[in-house]
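In what follows, every chain begins at residue 1, and chains take the letters A, B, ... in the order their sequences are listed.
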Amino acid sequence: MYPDAHCELDFTSPLELLVATILSAQCTDKRVNQVTPKLFARYPSAADYASADREELEGLIRSTGFYRSKANSILGLGRKLCDEYGGEVPGDLDALVKLPGVGRKTANVVLGNAFGVPGITVDTHFGRLVRRFGWTLESDPVKVEHAIGDLFPPKDWTLLSHRLIWHGRRICHSRRPACGACELARWCPSFGEGPTDEADAAALVRNGPFS
DNA sequence: ATCCCGAGGG
DNA sequence: CCCTCTGGAT
């Protein structure tokens, strides 16, 4: 299922993916991809973001929502990349999460999709689905990461993240999940009534299209 | 009305 | 743990 699940943000470098991911908060990827061509042309490097005019930057990203805080993050991001990393995006989690506007979710997206480092991206979809599947009861994203990391080998982490996120967006919605259209319903402990079943959860790991 | 692949701050 | 930031799509 979803053998070709992938990051739907358009980018050609770690810096572009980092900025696109920041913009994607509470916004569709499609809309992000509508603003990034002009944005990336106007600010090709971290130094260009660092010296950007705030209002011009805000104007270019306005339609993605949260544009003031996102512009703030991107300005600070450009400065910090220039001051501390020679204008390059660092390729490790600890450094990434210290950048303004970059949390663990964004950092893992960049690691997994721009640096080829296996990463589990625990966003709202991923967390909701693994709990429905009975793969963990944790809600803290870091604990979820570790729990799922124990169930799957690192080489599967990035693709697994994309697959669950796609499934969450298309079928397993937050409010009214489309269980009738879900290929996983027969293994899903949350389908129908009754408490979470550990055997079902294990079967979903073993037999499910995600393994 | 309600939701969207979050992060930072109190 | 709560709140805030924001426009767009449906």
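Checked by atom type and distance alone, the side chain of K70(A) pairs as donor or acceptor with a backbone atom of L23(A) at under 3.5 Å. Between the K38(A) side chain and the L60(A) main chain, no donor and acceptor come within less than 3.5 Å of each other. The closest donor-acceptor contact from the side chain of N33(A) to the backbone of L9(A) lies at 3.5 Å or more, if one exists at all. With E84(A) contributing its side chain and K80(A) its backbone, the two residues share no donor-acceptor pair below 3.5 Å.
A donor-acceptor contact closer than 3.5 angstrom is absent between the side chains of H173(A) and R176(A). For the residue pair N113(A) and H162(A), a side-chain donor N or O sits within less than 3.5 Å of a side-chain acceptor on the partner. Side-chain polar atoms of D48(A) and S45(A) form a donor-acceptor pair below 3.5 angstrom.
Residue contacts shown for F66(A) include a base, since a base heavy atom lies under 4.0 Å away. Residue contacts shown for R169(A) include a base, since a base heavy atom lies under 4.0 Å away. Residue S161(A) is classed as having no contact, given no heavy-atom separation below 4.0 Å to the nucleic acid.
Spacing of C1' atoms, dT6(C) relative to dT2(B), comes out at 15 Å, to the nearest Å. Remark: the separation of the P atoms in dG8(C) and dG8(B) is 24 Å, to the nearest Å. Look at the C1' atom in both dC3(B) and dC5(C): the space between them is 16 Å, to the nearest Å.
Electrostatic pairing of R169(A) and E8(A) counts as a salt bridge here, judged by a charged N lying under 4.0 Å from a carboxylate O.
Ranked by how close their nearest DNA chain B nucleotide is to the 5' end, V102(A) and V109(A) are led by V109(A). Each of G101(A) and W166(A) was assigned the nucleotide of DNA chain B with the nearest heavy atom; the assignment lying further toward the 5' end belongs to W166(A).
Residues of residues 19-42 of chain A having a heavy atom closer than 4.0 Å to DNA chain C, listed by number: Q26(A), R31(A).
Annotation: cation-pi geometry not satisfied between R131(A) and W135(A) (NZ/CZ under 6.0 angstrom from ring centroid, within 45° of ring axis).
Residues W157(A) and L96(A) do not share a hydrophobic cluster, clusters being chains of Ile/Leu/Val/Met/Phe/Trp/Tyr side chains in contact below 4.5 Å.
Bracketed by its first and final contacts, the part of DNA chain B lying under 4.0 Å from non-hydrogen atoms of chain A reaches from dC3(B) to dG8(B) in 5' to 3' order. In summary, contact between chain A and DNA chain C, defined as any nucleotide atom under 4.0 Å from a heavy atom of the protein, begins and ends at dC5(C) to dA9(C) in the 5' to 3' direction.
Contact annotation: the side chain of I120(A) approaches that of F126(A) to within less than 4.5 Å [non-hydrogen atoms, C-beta and beyond].
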